[in-house]
Amino acid sequence: MAAVIVVHGGAWAIPEELSKASVDGVKAAAREGFSVLKRGGNALDAVESAVRAMEDNNMFNAGHGAALNSEGEVELDAIIMDGRTLASGAVSSVKNIANPVSLARAVMEKTDHVMLTSRGANMFAESIGVVTVPTDALVTEYERNEWEKHKNYITGVMEDFNTKWAHDTVGAVAVDCTGNVACATSTGGIRNKMVGRVGDSPVIGAGGYADNFSGAVSCTGHGESILKVTLARHILSYMEQGKTAAEASELALQHMGVRVRGAGGAIVVSPSGQWAATFTTERMAWAAVEDSVLWYGLDPNEKLQEQLSQ
Ligand code: GLY
């Protein structure tokens, strides 16, 4: 069967000046992940590699370029999940780690646990020789300036989160040529979040989920809303009831809007290669590769395509 990868760079009101770099970034990440699949790599390797590409890209709120908390510090969350075995690994509130998605994978593969947080996650990273970086190395000038501008924002004033607050988690889902699915999600969370706040991204069933019996999902958007409706699992339960990937994500995102007034987005792939990229925010940069065609978009209902060279 044909392998497919879908990536997102976060659902939010992406300003015009960031739109080209956001789209270029998701296209590059989708190409990167697809090259892994094309070389015979599995879905897990592909989603890790696509998310690493976006963590390394200053444009996105993950790894380098992450949003800063109320003390002006980086605290990163990530998850990865293997749909074949339901194995999952996650980290939350980590500092000094440039690629939290790979640390999440190490939690999955080298510990008996599903999530490590904060100091414990950093201690684990050190014990397995993950290279740390100075925290400031992950902070961009753009983010420092935005943080200075918005630092009086306080948690709880989320009425119009959708249009006002920068929020661009990254994620990837893939199905490989053997029909195995995987997901990965990584984020710096909400700018000016309380110290120690953990959003949906590293929480299994909320920020991501993967199961070969239904599909793989990576979510983005207002973390507290996504947590309340367990968005990733909610989408997959619609698929288990026979909805398509697009129908399932639309229904679950609508439910989140109505039930908790939350906005966001999701990318989905099924074990048969059906996929969707859906959002209820103003914009979401996304890209997908299927049958050597690169699909991408930013605005609602936008679906552009390019042929990839063989
Ligand atoms: N969706 C990412 C977060 O709220 O932290």
Side-chain angles (χ1 to χ4, degrees), residues 7-14 22 51 54-55 60-63 65-70 73-81 90-95 100-101 104 115 117-118 121 138 143 146-147 150 153-173 183-209 217-235 249 252-253 256-257 260-268 277-286:
V7 311
H8 70 75
W12 63 294
I14 301 166
S22 301
V51 166
M54 291 184 281
E55 289 175 336
F60 299 112
N61 175 7
L68 301 178
N69 68 14
S70 59
E73 291 180 331
V74 164
E75 285 185 315
L76 307 169
D77 304 332
I79 190 170
I80 192 163
M81 185 160 181
V91 291
S92 61
S93 297
V94 293
K95 303 173 180 181
V101 71
M115 190 196 290
T117 193
S118 189
L138 301 176
E143 177 55 26
E146 289 296 299
W147 180 80
H150 297 296
Y153 157 74
I154 42 168
T155 311
V157 188
M158 293 303 295
E159 292 331 290
D160 44 11
F161 144 84
N162 176 22
T163 51
K164 276 198 177 161
W165 308 107
H167 195 283
D168 53 339
T169 300
V170 305
V173 293
C183 72
T185 307
S186 180
T187 192
I190 296 180
R191 181 177 299 132
N192 277 325
K193 63 188 179 181
M194 289 175 71
V195 174
R197 176 266 188 190
V198 177
D200 61 295
S201 302
V203 177
I204 187 167
Y209 201 80
V217 179
S218 168
C219 297
T220 162
H222 181 223
E224 283 69 10
S225 301
I226 295 172
L227 281 162
K228 287 173 190 167
V229 301
T230 55
L231 185 61
R233 197 63 198 81
H234 199 65
I235 291 171
S249 357
L253 283 165
M256 187 168 87
V260 293
R261 298 180 61 211
I267 49 172
V268 185
T278 310
F279 52 98
T280 52
T281 48
E282 281 185 24
R283 287 178 144 175
M284 179 176 86
W286 62 270

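Whatever order the structure lists them in is the order used to number ligands and atoms, beginning at 1.
Every atom of ligand 1 is numbered from 1 in the order shown, and the set under 4.0 Å from a heavy atom of G223 is 3 (C), 4 (O). Listed by number with element, the atoms of ligand 1 under 4.0 Å from a non-hydrogen atom of D200 are 1 (N), 2 (C), 3 (C), 4 (O). For ligand 1 and G189, the ligand atoms under 4.0 Å from any heavy atom of the residue are 5 (O). When each atom of ligand 1 is checked for a heavy atom of T169 under 4.0 Å away, the hits are 1 (N), 2 (C). In the vicinity of S201, heavy-atom distances shorter than 4.0 Å reach the ligand 1 atoms 1 (N), 2 (C).
Residues E224 and R197 are paired through a salt bridge, judged by an N-O separation under 4.0 Å between the basic side chain and the carboxylate.
Closest approach of A263 and T280 over heavy atoms only: CA-OG1, 3.6 Å. Here the closest heavy-atom approach between residue T278 and residue M284 is recorded as O-CE, 3.8 Å.
Listed for the D200 side chain is no donor-acceptor partner under 3.5 Å among the backbone atoms of H222. Of the possible polar contacts, none joining the N69 side chain to the V195 backbone as a donor-acceptor pair under 3.5 Å is found.
A heavy-atom separation below 4.0 Å is found between R197 and ligand 1.
T185 pairs with exactly one of P202, P100, S218 by the side chain to side chain contact (heavy atoms under 4.5 Å, CB included) rule, that one being S218.
Contacts between E75 and ligand 1, counted as non-hydrogen atom pairs separated by less than 4.0 Å, are absent for every part of the residue.
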